[in-house]
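Notes to accompany the following structure.
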Amino acid sequence: MYDAGKGVIRKAKADDYREAVYMLTSIIPLGKTTTYGSIARILGISPRLVGRLLAENDNPIKVPCHRVIKSNGDIGEYTPGGKDVKKKLLALEGVIFSDHYKVSRESIIDIKEIVDP
DNA sequence: ATTTGCTCAGCTC
DNA sequence: GAGCTGAGCAAAT
């Protein structure tokens, strides 16, 4: 982001991406999941960044980080409570699981399908 | 199915 | 200032 008027350049750091990541995460429909890679690709950042930002999210209510999983369908990590809680939450929302820690591919959608259907 | 290499902001030394 | 770490990804084996 740039603020040319003041000649101040705000570096595109985690703070700037944070908003975008949160927004994208919060628009994931109930019962569906997305991958870190999808988000990262839209924002033009690396997948690990997405995870790092979500890990530091200060608003778990508004940002359902549990709806973001790995691209291979496996659940990533989950700071508040661990994977078990994450899986439980997802299952409760209607996400289909093929294995104990793997989400069925049908419950995974690309974030792009949401922002640009 | 498993191993390997890549990525890049943040934290630590 | 240099190096390690990590809520991952993708390609090669």
Side-chain angles (χ1 to χ4, degrees):
Chain A
M1 273 217 177
Y2 306 98
D3 190 338
K6 287 186 176 179
V8 176
I9 301 174
R10 184 158 50 144
K11 302 179 270 182
K13 262 170 133 173
D15 284 332
D16 295 305
Y17 297 129
R18 194 179 329 227
E19 284 182 61
V21 173
Y22 292 171
M23 179 190 74
L24 290 171
T25 305
S26 59
I27 61 173
I28 301 172
L30 200 71
K32 298 277 182 181
T33 57
T34 299
T35 66
Y36 295 98
S38 290
I39 298 172
R41 196 168 141 158
I42 292 229
L43 297 179
I45 60 183
S46 96
R48 288 188 173 229
L49 250 301
V50 180
R52 185 165 270 297
L53 293 173
L54 284 178
E56 290 184 2
N57 97 72
D58 23 328
N59 199 339
I61 310 285
K62 205 174 178 187
V63 185
C65 5
H66 59 274
R67 286 188 203 157
V68 187
I69 61 176
K70 289 195 179 185
S71 59
N72 62 321
D74 223 351
I75 303 185
E77 302 292 317
Y78 188 60
T79 311
K83 300 180 185 176
D84 301 291
V85 175
K86 182 168 182 177
K87 183 204 163 203
K88 216 170 184 176
L89 266 149
L90 289 170
L92 198 70
E93 294 189 348
V95 174
I96 316 280
F97 278 79
S98 57
D99 278 328
H100 284 286
Y101 282 91
K102 276 196 180 111
V103 175
S104 176
R105 212 178 77 52
E106 312 216 341
S107 295
I108 307 172
I109 64 173
D110 198 304
I111 191 76
K112 190 160 188 183
E113 297 293 303
I114 305 171
V115 300
D116 181 34

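Letters go in sequence order (proteins before strands), and every chain restarts at 1. Here the structure is a predicted model, which is why all the values come from computation and not from measurement.
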Considering only side-chain heavy atoms of Lys70(A), which listed nucleotide, dA7(C), dC9(C), dT7(B), is closest? dC9(C)
So if I take every side-chain heavy atom of Arg52(A) and compare against dC9(C), dT5(C), dT7(B), which nucleotide ends up nearest?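 Out of dC9(C), dT5(C), dT7(B), the nucleotide with an atom closest to Arg52(A)'s side chain is dT5(C).
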Whether the Thr35(A) and Ser38(A) side chains hold a donor-acceptor pair (N or O, under 3.5 Å, no angle test) is what I'd like checked. yes
What is the separation between atom [atom1] on [X] and atom [atom2] on [N], rounded to the nearest whole Å?
X	N	atom1	atom2	result
Arg18(A)	dG10(B)	CZ	C1'	11 Å
Leu53(A)	dC8(B)	CG	P	14 Å
Leu90(A)	dA7(C)	CG	P	18 Å
Ile108(A)	dG8(C)	CD1	C1'	14 Å
Glu56(A)	dG6(C)	CD	P	14 Å
Ile45(A)	dG10(B)	CD1	P	10 Å
Tyr36(A)	dC6(B)	OH	P	24 Å
Leu49(A)	dT7(B)	CG	P	14 Å

Would you state whether a donor and an acceptor, one from the side chain of Arg48(A) and one from the base of dG6(C), lie under 3.5 Å apart? yes
Say you pick atom C1' in dC6(B) and the same atom in dG6(C); how far apart are they, in whole Å? 14 Å
Span that lies between the P atom of dG5(B) and that of dA7(C), in whole angstrom: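 Result for the P pair: 22 Å, nearest Å.
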Whether over 12 other heavy atoms sit under 6.0 Å from Glu106(A) CD: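 Result for CD/Glu106(A): open.
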Watson-Crick/G-U partner (both atom distances under 3.5 Å) of dT7(B):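 Across all strands, not a single nucleotide pairs with dT7(B).
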Using Watson-Crick or G-U wobble geometry with both distances under 3.5 Å, which nucleotide pairs with dA7(C)?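 Partner of dA7(C): none found under 3.5 Å.
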Could you say whether His66(A) or Arg41(A) is positioned toward the 5' end of DNA chain C, judged by the nucleotide with the nearest heavy atom to each?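 Closer to the 5' end of DNA chain C: His66(A).
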Do Leu53(A) and Val50(A) have side chains that get closer than 4.5 Å, going by heavy atoms? no
Has Ser71(A) got a side-chain N or O lying under 4.0 Å from the OP1 or OP2 atom of dC9(C)? yes
Is any NZ, NE, NH1 or NH2 atom of the basic residue among Arg67(A) and Glu93(A) found under 4.0 Å from an Asp or Glu carboxylate oxygen of the other?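 Answer for the salt bridge query: yes.
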Any donor-acceptor N/O pair, Thr25(A) side chain to Cys65(A) backbone, under 3.5 Å: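 Not a single qualifying donor-acceptor pair exists.
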